[in-house]
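Notes to accompany the following structure.
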Amino acid sequence: MLFAQRLSTGGCKMKKVTITDIAQELGISPVTISRALSGQPGVGSKLKNQILEKANEMGYVRAKKDEPYKILVLYKKPIVQEVSNLNYMVQGIEKALQAVGADYYTEYIDHEAQCQMVLPYHCTKGTVFDGVIFVGRFDPDYVTFIAKTINSIISFTGHMNSSDYDSVGFNIHNAGYRQCKYLLQNGHRKIGFASGGGHKNRDRLLGISTAIEDLGIGSREDKIETVKDGHYERLDELIAAGEMPSAFICDSDYTALQLIKALHERELRVPDDVSIIGSGNTEFSQLSIPSLTTLDLNIDYCCEVAVSTLLKRIERFDKPFESVEIVSRLVERDSVKKI
């Protein structure tokens, strides 16, 4: 944690001593000093006592509330004007951190930096962080690497099943269930799934099949592997065989927009011939023709939960790990036809 300085006996403030000053006195890294002073694990009892004695000698008292938390926000994809919600996620995290009065730094970490185990720039400059938020799915080994420098970690939308970290994300199983239920309620019985790839599609497909089972409707799925470069061989096969679904569930709004374009090129109209439901409620979902029925991910609230969960971890490092999933909200527009 952070520490405030004592007043001298003459009523004047002593020269402010920093964690770096203590580190220089002892020849120890500032991260180790911070861990010892905040009671976090990773420092032996003998060394911890030595650090506490030196901090007391140099005139420090614990003052947890006098300084804001320092939080590092890492994201792994460039923030550009696109049909994903990454920029809104980072902005939402910043807004939530501002609401709690935290100091924060955002930084882009590309794939190569993860592979080479490169420390974030701000860490190399001696800044001691209380916690870090990973936005998106990072390499697990890189997360473990960062955990050696910053103890309190949360993964936002990139939960890793095998890791002991807090995570906050979207309930993808519920999203698939909600998308499928909506289509079934609108009379669709032959439902396809369009995927742009991703590790969470297994959960979405499970939600789709669960909705079919729960509603007692003998529907089936035609799984269409939709890649980003626009190959639709499976789509052509379904058309040729007369097995075209009446509706498609898409794993994202971007996939939905690609599919609408591909259907248009094959002279199939949305929603007259084929209905489409997306996921994400991105800015472009309202600009597509027709406007896209989709799921809103409740990003602002997710960001608030991510920040509050991280602060709980900082304040109580030994608490059980939490995995929080936020349910999406259906946004009805024009891309689904009732049959």
Taking everything shown except Glu267 itself, do over 12 heavy atoms lie less than 6.0 Å from its CD? no
Do the side chains of Phe129 and Leu119 join up, straight or via other hydrophobic residues, at under 4.5 Å, putting them in one cluster? yes
Return yes if some donor-acceptor pair links the side-chain N/O of Asp130 with the main-chain N/O of Ile71 below 3.5 Å, else return no. no
Check whether any side-chain N or O of Lys190 sits under 3.5 Å from a backbone N or O of Ala247 as a donor-acceptor pair, and report yes or no. no
As an exercise, state the distance from CG of Leu86 to CD of Gln91, rounded to the nearest 0.5 Å. 9.5 Å
In the structure I gave you, are the side-chain heavy atoms of Asp334 and Thr293 within less than 4.5 Å of one another anywhere? no
Heavy-atom closest pair (Leu26 atom, Ile33 atom, distance to 0.1 Å) is CD1-CD1, 4.2 Å
Between the main-chain N or O of Arg204 and the side-chain N or O of Asn201, is there a donor-acceptor pair closer than 3.5 Å? no
State yes or no: do Tyr301 and Leu297 share one hydrophobic cluster built from I, L, V, M, F, W and Y residues joined by side-chain heavy-atom distances below 4.5 Å, directly or via other members? yes
Pair Ser285-Thr282, side-chain donor/acceptor within less than 3.5 Å: no
Distance-only polar pair, side chains of Thr127 and His122, donor-acceptor under 3.5 Å: no
For Leu295, all residues meeting side-chain contact (heavy atoms from CB on, under 4.5 Å), sequence neighbours excluded: Ala175, Arg178, Gln179, Ser279, Ser328, Leu330
Hydrophobic cluster membership, Ile277 vs Leu215, 4.5 Å side-chain cutoff: yes
Are Tyr75 and Val118 linked, directly or through other ILVMFWY residues, by side chains that come within less than 4.5 angstrom of each other? no
Let's go through Val274 and Phe248 carefully: what are the C-alpha distance in whole Å and the side-chain angles of both, what is the deciding distance for side-chain contact (heavy atoms from CB on, under 4.5 Å) to 0.1 Å, and is it a yes or a no? CA-CA 8 Å; Val274 182; Phe248 282 95; 3.5 Å; yes
For Ala23 and Ile28, work out which heavy atoms get closest and say how close. CB-O, 2.8 Å
So, Ser291 side chain and Ser288 main chain: donor-acceptor pair closer than 3.5 Å or not? no
Side chain Asn298, main chain Val327, donor-acceptor under 3.5 Å: yes
Can you tell me if Tyr88 and Asp300 form a side-chain donor-acceptor pair at under 3.5 Å? no
A quick test of your reading: do over 12 heavy atoms of other residues, nucleotides or ligands sit less than 6.0 Å from NZ of Lys181? no
Answer yes or no: is there a donor N or O on one side and an acceptor on the other, between the side chain of Arg333 and the main chain of Leu292, under 3.5 Å? yes
Step by step, work out the side-chain contact (heavy atoms from CB on, under 4.5 Å) result for Tyr69 and Leu310. CA-CA 11 Å; Tyr69 291 120; Leu310 177 62; over 6 Å; no
Tyr105 and Val73: CA distance, side-chain angles, deciding distance, side-chain contact (heavy atoms from CB on, under 4.5 Å) verdict: CA-CA 6 Å; Tyr105 303 79; Val73 181; over 6 Å; no
State whether the number of non-hydrogen atoms from other residues, nucleotides or ligands found under 6.0 Å of Glu265 atom CD is greater than 12. yes
Would you say the side-chain atoms of Gln116 and Tyr142 include a donor-acceptor pair closer than 3.5 Å? no
Heavy-atom distance under 4.5 Å between the side chains of Arg313 and Phe321, does that happen here? yes
Mark yes or no for whether Thr255, through its side chain, and Asp251, through its backbone, hold a donor-acceptor pair below 3.5 Å. no
Between Tyr104 and Gln98, do the side chains contain a donor N or O and an acceptor N or O under 3.5 Å apart? yes
Taking every heavy atom of Asp166 against every heavy atom of Lys319, the minimum-distance pair comes out as OD1-NZ, 3.6 Å
Work out which heavy atom in Asn281 is nearest to a heavy atom in Thr294; give both atom names and the distance. N-OG1, 3.4 Å
When you measure from the side chain of Glu107 to the backbone of Tyr121, do you find a donor-acceptor pair of N or O atoms at a distance under 3.5 Å? yes
If hydrophobic clusters are built by linking Ile, Leu, Val, Met, Phe, Trp and Tyr wherever their side-chain heavy atoms come under 4.5 Å apart, do Tyr182 and Ile212 end up in the same one? yes
Heavy-atom pair of closest approach, residues Ile326 and Val324: CD1-CG1, 4.0 Å
My understanding is that only one of Thr309, Ile93, Leu74 makes a side chain to side chain contact (heavy atoms under 4.5 Å, CB included) with Phe156; could you say which? Ile93
Hey, does the side chain of Gln114 reach the backbone of Asp139 with a donor-acceptor pair shorter than 3.5 angstrom? yes
Okay, side chain of Lys76, backbone of Arg137: is any donor-acceptor separation there less than 3.5 Å? yes
Looking at every non-hydrogen atom in both residues, tell me the closest pair between Cys302 and Val168 and how far apart they are. O-CG1, 3.7 Å
Would Leu263 and Met244 count as a side-chain contact (heavy atoms from CB on, under 4.5 Å) if you check the C-alpha gap in whole Å, the side-chain angles of each, and the deciding distance to 0.1 Å? CA-CA 11 Å; Leu263 291 170; Met244 192 66 179; 3.4 Å; yes
